[in-house]
Amino acid sequence: MSVTVYAYPGAPKVTVSPVSGVVCQGNPVSLTATKENTGNTVRWYTQATGGSAVSTSNNSLLTAVRNVPSSEIVPIDANTPRVVNYWVDQSNGGGCRSPRSAISFTVNPGTLISSQPVDQKKMCRTRCCFFSDSNGFRTELSMEKRKCDTHRRRKNNRF
């Protein structure tokens, strides 16, 4: 009779792409876990302990990449960034699981235009209009190659 003894694997090393760990809403995020050997299976979780894996990879590579679906990359609200956390473990051929490694990234909300010119005819005459975004910034848009008149813009913005 022979007995095979499997050692517990170490926690996978994890990285996020983009490297900054900060993305705007709707942009792709990739998480990468580096396994101890090519036969190990990687499982991704949204909880530090327990729970069901949201993704599993048992490829023959030393890395397992999870491309996070855009439905999971949603900020809390229009003005608040959201930190998204994942945990990953690996198991070997004997079913021994490693501790989970944590990885996180920040999702910044997209900019929403909250106001636009009301008088479309006036916009066509001046070839310039202003938009306000959800963060309170006012942006100019010129319909020509020249920029909007700075003096008029400052007067309208009350600088």
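A parallel orientation is assigned to the rings of Phe105 and Tyr86, their planes being inclined by less than 30° (bins at 30° and 60°).
When every heavy atom of Thr56 is checked against every heavy atom of Ala53, the shortest pair comes out as OG1-CB, 4.0 Å.
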Identify each donor-acceptor pair in which a side-chain atom of residues 3-11 lies under 3.5 Å from a protein atom, sequence neighbours left out, and give them as a table.
none

Would you please test Val42 and Asn40 for side-chain contact (heavy atoms from CB on, under 4.5 Å) and show each step?
CA-CA 7 Å; Val42 169; Asn40 288 0; 5.7 Å; no
Test side-chain contact (heavy atoms from CB on, under 4.5 Å) on Val16 and Val29; report intermediate values, then the result.
CA-CA 7 Å; Val16 63; Val29 176; 3.8 Å; yes
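One distance of note links OG1 of Thr41 with CG of Asn92; it measures 9.0 Å at 0.5 Å rounding. Once rounded to the nearest 0.5 Å, the distance linking CG of Leu61 with OG1 of Thr32 reads 11.0 Å. With rounding to the nearest 0.5 Å, the separation of CG in Leu62 from OG1 in Thr34 is 7.5 Å. Annotation: the span from Cys24 atom SG to Asn108 atom CG amounts to 5.5 Å, rounded to 0.5 Å. A distance of 12.0 Å separates SG in Cys96 from CG in Asp89, rounded to the nearest 0.5 Å. Within the model, atoms CZ of Arg43 and OG of Ser91 stand 3.5 Å from one another, a figure rounded to the nearest 0.5 Å.
Linking ILVMFWY residues whenever their side-chain heavy atoms come closer than 4.5 Å, directly or via other members, leaves Val107 and Trp87 in distinct clusters.
When the salt bridge (charged side-chain N to carboxylate O under 4.0 Å, His left out) test is applied to Arg66, the partners found at least two apart in sequence or on another chain are Glu72.
Residues Val54 and Tyr45 fail the side-chain proximity criterion, which asks for heavy atoms closer than 4.5 Å.
Side chain of Ser17 to backbone of Val19: no donor-acceptor contact under 3.5 angstrom is found. At least one donor-acceptor pair under 3.5 Å links the side chain of Ser101 to the backbone N or O of Pro12. Remark: the backbone N or O of Gln90 is paired with a side-chain donor or acceptor of Ser98 at under 3.5 angstrom.
Asn58 and Lys35 form no side-chain donor-acceptor contact under 3.5 Å, judged by distance and modelled atom types alone. No hydrogens or angles considered: nothing links the side chains of Thr49 and Arg100 as a donor-acceptor pair under 3.5 Å.
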